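The shown structure was predicted, so the numbers you read here are calculated from the model rather than taken from an experiment.
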Amino acid sequence: MTGQSRSNLYLGLFCIAFACVLMFIWIPLDTKTGIVVKARGKYNIGDGLAPTVAAVFVLLGGLLMLLERNATEQSVIRKNQLKFVASLTLVIIAGFTIMRFAGPVAVELTKLFRAEPLEYRLLRATAGWKHIGFILGGTFMISGLIAVVERKLTRRAILTGIIAVLVLIAAFDLPFDDLLLPPNGDV
């Protein structure tokens with residue numbers, strides 16, 4: 001490599017700026033409660049805790065990138081690397097889109113075969129209905145990310161996606177009565 005690459009500097013500054021936007025603008029405007037909530041003398045996890053923890057990790061990553069900005073062995077960002085990141089981003093966006101719309105679409109399709117009306121908003125906390133989008137979108141996302149990394153879609157990737165989503169449902173949905181899996185809180 002001839003000359004010093006500045007990729008760590010640019011990536012670090014981007015991560016720091018993104019984390020600051022998350023912590024000070026997006027999260028406060030998007031959540032109804034703070035990081036913790038005191039209700040009836042008891043502290044509970046607030047809506048802002050998980051995204052704030054994620055933003056802190058992005059901030060720490062950006063700071064570490066800045067510390068390594070003068071490393072002699074850092075590579076130059078190439079087109080194939082940008083293409084790889086773009087592919088990952090597209091899979092994540094498609095997965096979130098599936099997650100958001102699969103449940104309401106399933107209800108609309110079910111309404112074609114039923115006499116009484118259904119509304120997804122009323123069903124979003126009902127077992128089965130609340131899992132449709134999370135399972136389909138989550139499985140697509142995990143399987144798709146594995147497929148991008150391995151450059152092929154395999155049965156193992158799909159099975160890994162299904163199992164990972166079921167483990168997440170078991171860990172986050174089953175123990176908590178009032179927790180809604182994404183994206184049901186926004187629907």
Heavy-atom check, side chain of [X] versus side chain of [Y], under 4.5 Å:
| X | Y | answer |
| --- | --- | --- |
| Val105 | Tyr120 | no |
| Met99 | Ile135 | no |
| His131 | Ile169 | yes |
| Leu49 | Val36 | no |
| Asn44 | Lys42 | yes |

Given the rule in the side chain to side chain contact (heavy atoms under 4.5 Å, CB included) test, do Val167 and Phe172 qualify, once you have shown the distances and angles that lead to the verdict? CA-CA 9 Å; Val167 167; Phe172 292 106; over 6 Å; no
If I take atom [atom1] from residue [X] and atom [atom2] from residue [Y], how far apart are they, to the nearest 0.5 angstrom?
| X | Y | atom1 | atom2 | answer |
| --- | --- | --- | --- | --- |
| Lys83 | Leu90 | NZ | CG | 12.0 Å |
| Met141 | Ile93 | CE | CD1 | 10.5 Å |
| Asp47 | Thr52 | CG | OG1 | 10.5 Å |
| Thr139 | Ile98 | OG1 | CD1 | 9.5 Å |
| Thr97 | Phe140 | OG1 | CZ | 9.0 Å |
| Trp129 | Arg124 | CH2 | CZ | 15.5 Å |

Linked, directly or transitively: Leu9 and Leu64 (ILVMFWY side chains, under 4.5 Å): no
Quick one: do Leu153 and Ile163 end up in the same hydrophobic cluster if we chain Ile, Leu, Val, Met, Phe, Trp and Tyr together by side-chain heavy atoms under 4.5 Å apart? no
Mark yes or no for whether Asn8, through its side chain, and Glu68, through its backbone, hold a donor-acceptor pair below 3.5 Å. yes
Ignoring hydrogens and angles, tell me if any N or O in the side chain of Ser143 forms a donor-acceptor pair with the backbone of Ala157 under 3.5 Å.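 Checking the backbone N and O of Ala157 against the side chain of Ser143, a donor-acceptor pair under 3.5 Å is found.
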Between Ile16 and Leu59, is a side chain to side chain contact (heavy atoms under 4.5 Å, CB included) present by the stated rule, with each step listed? CA-CA 5 Å; Ile16 291 169; Leu59 177 68; 4.0 Å; yes
Test side-chain contact (heavy atoms from CB on, under 4.5 Å) applied to Ser87 and Val148, Val149, Leu82, the passing residue: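 The single option meeting the side-chain contact (heavy atoms from CB on, under 4.5 Å) with Ser87 is Val148.
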Which heavy atom in [X] sits nearest to a heavy atom in [Y], and how many Å separate them?
| X | Y | value |
| --- | --- | --- |
| Ile142 | Gly161 | CG2-CA, 3.6 Å |
| Ala19 | Ala55 | CB-O, 3.4 Å |
| Gly138 | Val165 | C-CG2, 3.5 Å |
| Leu122 | Thr126 | O-OG1, 4.2 Å |
| Gly133 | Ala102 | CA-CB, 3.8 Å |
| Ala106 | Ile132 | CB-CD1, 3.8 Å |

If you apply the rule side chain to side chain contact (heavy atoms under 4.5 Å, CB included), what do you find for Ile92 with Leu145, and how did you get there? CA-CA 8 Å; Ile92 291 170; Leu145 292 173; 4.1 Å; yes
Please say whether more than 12 non-hydrogen atoms of neighbouring residues, nucleotides or ligands are located less than 6.0 Å from CD1 in Ile45.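 Incorrect, the count does not exceed 12.
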Between Glu116 and Arg114 (salt bridge meaning N to carboxylate O under 4.0 Å), is one present in this structure?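 A salt bridge links Glu116 with Arg114.
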Between Arg156 and Glu150, does the salt bridge (Lys or Arg N to Asp or Glu O under 4.0 Å) criterion hold? Intermediate values first, please. CA-CA 11 Å; Arg156 185 181 55 81; Glu150 294 180 345; 2.4 Å; yes
Start with the C-alpha gap between Leu118 and Glu108, add the side-chain angles, then the distance that decides, and say whether side chain to side chain contact (heavy atoms under 4.5 Å, CB included) holds. CA-CA 8 Å; Leu118 289 175; Glu108 291 300 318; over 6 Å; no
